2 protein chains.
Amino acid sequence: MSRCAMARRTTTSYALLGLLALRSWTTYELAKQAQRSLNWFWPRAERKLYDEPKHLVEAGLATAHAESTGKRPRTVYAITRAGRRELAAWLDEPAAPRAGEFEAMVKVFFADAGDLDQLRATLERIEAEAGDRVRALADMAARPPLFAERVHLSALTLRLQLDQERTVLAWAGWARQQVDQWRSTTDPGEWDAQAVLDAIAE
Amino acid sequence: MSRCAMARRTTTSYALLGLLALRSWTTYELAKQAQRSLNWFWPRAERKLYDEPKHLVEAGLATAHAESTGKRPRTVYAITRAGRRELAAWLDEPAAPRAGEFEAMVKVFFADAGDLDQLRATLERIEAEAGDRVRALADMAARPPLFAERVHLSALTLRLQLDQERTVLAWAGWARQQVDQWRSTTDPGEWDAQAVLDAIAE
DNA sequence: ACACACATACTGCAAAGGGCAGTATCTGAG
DNA sequence: CTCAGATACTGCCCTTTGCAGTATGTGTGT
């Protein structure tokens with residue numbers, strides 16, 4: 001009943017609340033599940049995934065229940081009716097803009113501080129990583145789903161994730177071909193950068 | 001000469017060092033430039049962009065020079081020889097994996113906690129944002145470049161950025177079409193989720 | 001029967017990063 | 001002469017990360 005000092009909620013709060021809306025989990029399970037599914041578009045350190053459920057309980061959006069496996073204690077979290085209400089209300093709020101961290105692209109952008117071999121190595125690593133992820137996504141799609149009644153939503157999100165990885169993969173291959181035509185990282189020789197920019201500018 | 005307590009360097013340190021490798025900037029210019037260019041793949045709050053150059057100076061990778069415009073002071077940063085060396089060495093280290101925050105996708109993933117109108121609104125916002133960004137990138141590509149001698153590197157990075165935004169744009173359009181065939185967020189009716197998953201699994 | 005790897009189930013701490021408010025000066029257009 | 005907008009930052013508090021540390025299950029092989 002009392003709402004006292006309901007601390008602010010972050011996207012991380014709602015992401016975990018979303019998982020709790022599907023079923024109850026122990027903190028450990030919740031953390032693992034978040035890393036399997038949410039990690040693709042809402043990556044969070046395991047540390048946070050242990051802290052956040054406590055805030056949800058504090059705010060009355062979830063309940064915590066202490067259990068144990070022999071001598072080892074564990075906490076099972078479940079969503080409350082208020083939690084479901086808040087989750088539904090949150091869906092109405094406009095989301096934060098997409099933001100991506102891509103350190104390797106910083107290295108590409110400043111490639112002229114180094115040599116062609118370094119640039120090529122960076123591009124190869126980008127390509128390898130994207131390839132791994134395409135495979136990981138294919139695996140996930142092939143495996144029987146954890147929540148059969150939610151496959152339509154999984155299909156939607158997996159599709160974007162795959163498209164993104166494939167885009168990176170294709171770009172990296174193209175970039176390696178372009179870079180192979182350069183004389184050095186500071187001199188692209190005959191290579192026509194303007195043509196690429198013109199294509200981007202439509 | 002002394003290396004005393006050279007604090008750790010982060011990717012943000014190297015990103016700014018990269019900009020300093022191009023020319024000297026005041027902190028304000030550096031912050032703005034970082035937001036114009038780096039923001040696409042290494043977004044950082046303005047606040048950090050003011051702190052970081054101080055660490056670079058501390059580590060001997062840059063120098064700070066106090067100037068003034070009338071009564072208003074300003075600090076001009078320049079890279080040192082040690083800075084260029086460190087930057088080149090950093091290019092060799094494998095980069096952190098790509099990581100993206102996409103809050104709107106969390107809302108799509110948990111769309112079954114709300115109704116179809118909420119899901120459609122989320123998809124429309126995703127589409128609008130991606131459209132804005134495609135236009136912003138086209139603008140950047142059309143505008144005369146700040147560093148003419150580096151257009152080849154800009155072309156490479158802009159290309160990926162555009163591909164990424166277009167991927168999101170195309171996906172959002174597709175997703176809206178799919179969702180229009182659903183009966184509710186919990187019941188996709190005749191819609192064939194398995195077909196989508198099979199396509200992903202190859 | 002015992003070892004040992006691996007999964008479960010967390011906590012503490014320091015440092016990086018984000019968001020917002022606040023302060024002040026300079027520049028150009030009307 | 002005014003006023004918006006650009007320049008040039010700092011302080012504060014909270015979130016998030018990363019890593020190390022501390023246990024207790026469970027299953028597999030020998």
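Computed from a predicted structure; not experimentally measured.
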**Request:** Could you tell me whether Arg98(B) and Glu165(A) have a side-chain N and a carboxylate O separated by less than 4.0 Å?
**Result:** yes
**Salt bridge Glu129(A)-Arg125(A), side-chain N to carboxylate O under 4.0 Å** = no
**Item:** Set of residues satisfying side chain to side chain donor-acceptor pair (under 3.5 Å) with respect to Thr186(A), sequence neighbours excluded
**Value:** Ser184(A)
**Request:** For Arg135(A), enumerate each residue passing the side chain to side chain donor-acceptor pair (under 3.5 Å) test, keeping only those at least two apart in sequence or located in another chain.
**Result:**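 If we apply the side chain to side chain donor-acceptor pair (under 3.5 Å) test to Arg135(A), skipping adjacent residues, the hits are Asp132(A).
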Using a 4.0 Å heavy-atom cut-off, does [X] contact any base of the nucleic acid, only the sugar-phosphate backbone, or nothing at all?
X        : value
Lys48(B) : base
Arg74(B) : sugar-phosphate
Pro53(A) : nothing

**Helix axis bend for the helix from dA1(C)-dT30(D) to dG30(C)-dC1(D) - C1'-based end axes, five pairs, 10° rounding** =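 Nearest ten degrees gives 30° for this helix.
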**Item:** Mutual orientation of the aromatic rings belonging to Trp182(A) and His152(B) [parallel < 30°, tilted 30-60°, perpendicular > 60°]
**Value:**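 Perpendicular.
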**Message:** Please report the distance, rounded to the nearest Å, between CG in Leu49(A) and C1' in dA9(C).
**Reply:** 14 Å
**Request:** Starting from C1' on dA9(C), measure out to NZ on Lys32(A) and report it in whole angstrom.
**Result:** 10 Å
**Prompt:** Do the numbers put Arg23(A) on top of the ring of Trp25(A), so that NZ or CZ is under 6.0 Å from the six-membered ring centre and no more than 45° off the axis?
**Reply:** yes
**Thr27(B) side-chain N/O to dC9(D) phosphate OP1/OP2 under 4.0 Å** =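 So the side chain of Thr27(B) is within the cut-off, an N or O lying under 4.0 Å from OP1 or OP2 of dC9(D).
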